[in-house]
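Worth saying up front: this structure is predicted, and the values here are computed from it rather than measured.
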Amino acid sequence: MADTGTDTGPGPQAARIEAIDALRGFALIGIYFINITIMGGPINSEQPSGLPALSDPDWATWLTGHMFVYGSMRGIFSMLFGASALLFLRDPGRPPALFVRRCFWLLCFGVLNSTLLLWPGDILLVYALASPIVLLFLKASPARLLIAGGAILAAISVWSVWAAWPDAAGPAEPEDAAAAASALAAEQAARLGSYGDNLAFLLQTAMDWTFSTGLLWWVADAAGFMLVGMALFRLGVFSGGLNLSVYAMMALVGFGLGLPLRAWEGLSAMANGGEFPPLAEASFQLGRLAVSLGWVGAFMLAWRCLWHGLFAPLSALGRMAFTGYLAQSVIAACLFSGFGLGLWNRLHWPQLWALVPLIMGLMALCFMAWLRVFRMGPLEWLWRWLTFGKAPALRRAA
């Protein structure tokens, strides 16, 4: 969600790295494929209901998402946040204190999204909390960045294995079907109720998720990928200017390693009643990192080989990704909540996925029209104002 402009202050934006904008727009679409299934169904369920089976369209969609989208699109976002932080801080007129101020306001937007905009799964708050890691590695070499990022991801992999190990947290209690049904009924009453009903229920969920040890896992996860993204930026990967063979190798090795791992993880979870076994948790970070790099390589290869005009919708989404990310929460609230269309828990996973290209396509058209008149998105403009203490020019010169 970070801005990729290289301007030196709150005034007009200077040159942008267009490939980063387009890649961010691509990842923004991918993020919605995952989030919409949680926005449109039970908040604590990241998987379909019922026994896992490939013949079930919901589970087939889940497995597809696990292989190609889940974790990898978030990984790309985190990488680009690290890259954008370097872009922001490479200007000598921007001291680290200004970056801290920028991240403070990002934290505030994250709190807004996870509460008033009814999306407790917000990632902005996580990025804001993980951002100090960037300041510790501003002058680090690509090799050091990759080693540090890999070490963080390895550490949380150990954490995940421990958490998934049988009896690691004590003997599991048998599921109380009556209690589960009661909890689902309570959630349904809230989610299909008024805005106040939704706010009360989802605010409690946001509090439970934020003030838990699990938040540390998410912060470390983001920090590890930010460091990888900083390394890729320093190596010139995100500029789109490297040799085509480099991007082809990234795609082949990334997908060649990551997709089999992700398929094995997903199938192992399905064979285990939906729960990831410890060995699958052990490969999670390696698999999603590989797929993330595969996507970056494939995208940059396409960027180099195809007419850039084809990427205009993605570039618009990427330039206004901050606005777009928060707009996704608002749209979901209007679609699924009782004060909107009331579609909560009424659509199957393939149906929810079918909404994504429609929503994001319309959003891209709106953003392209907006950027014909304005220099940046409305929330990008507000974030810059809050960061620099001076309102930047919004309208394009006549």
Report task. Please determine, by modelled atom types, if Arg288 and Gln285 share a side-chain donor-acceptor pair under 3.5 angstrom. Result -> yes

Report task. Compute whether any side-chain donor of one residue and acceptor of the other, for Trp353 and Thr37, lie under 3.5 angstrom apart. Result ->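 Absent: no donor and acceptor within the cut-off.
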
Please check if the distance between the ring centroids of [X] and [Y] is under 6.0 Å.
X      : Y      : value
Trp59  : Trp62  : yes
Phe109 : Phe322 : yes
Phe284 : Phe276 : no

Report task. On the 0 to 90° scale, with breaks at 30° and 60°, tag the Trp295-Phe255 ring pair as parallel, tilted or perpendicular. Result -> perpendicular

Query raised in the report: Are more than 12 heavy atoms from other residues, nucleotides or ligands located less than 6.0 Å from atom CD of Glu275?
Result: no

**Report entry** Co-membership, hydrophobic cluster, residues Leu216 and Leu125, 4.5 Å side-chain
**Finding:**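 Same cluster: Leu216 reaches Leu125 through Ile, Leu, Val, Met, Phe, Trp or Tyr contacts under 4.5 Å.
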
**Report entry** Check: Gly340 main-chain N/O paired with Ser337 side-chain donor or acceptor under 3.5 Å
**Finding:** no

Query raised in the report: Does a side-chain N-to-carboxylate-O contact under 4.0 Å join Arg191 and Asp197?
Result: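 Judged by the 4.0 Å cut-off on N to carboxylate O distance, Arg191 and Asp197 do not form a salt bridge.
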
Query raised in the report: Got Phe68 and Leu259 here, is their nearest side-chain heavy-atom distance under 4.5 Å?
Result: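 Phe68 vs Leu259: side chains touch.
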
Query raised in the report: Which pairs pass ring-ring contact (aromatic ring centres under 6.0 Å, His included) with one or both residues in residues 187-212, sequence neighbours excluded?
Result: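 Pairs touching residues 187-212 that pass the test: Tyr195-Phe339.
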
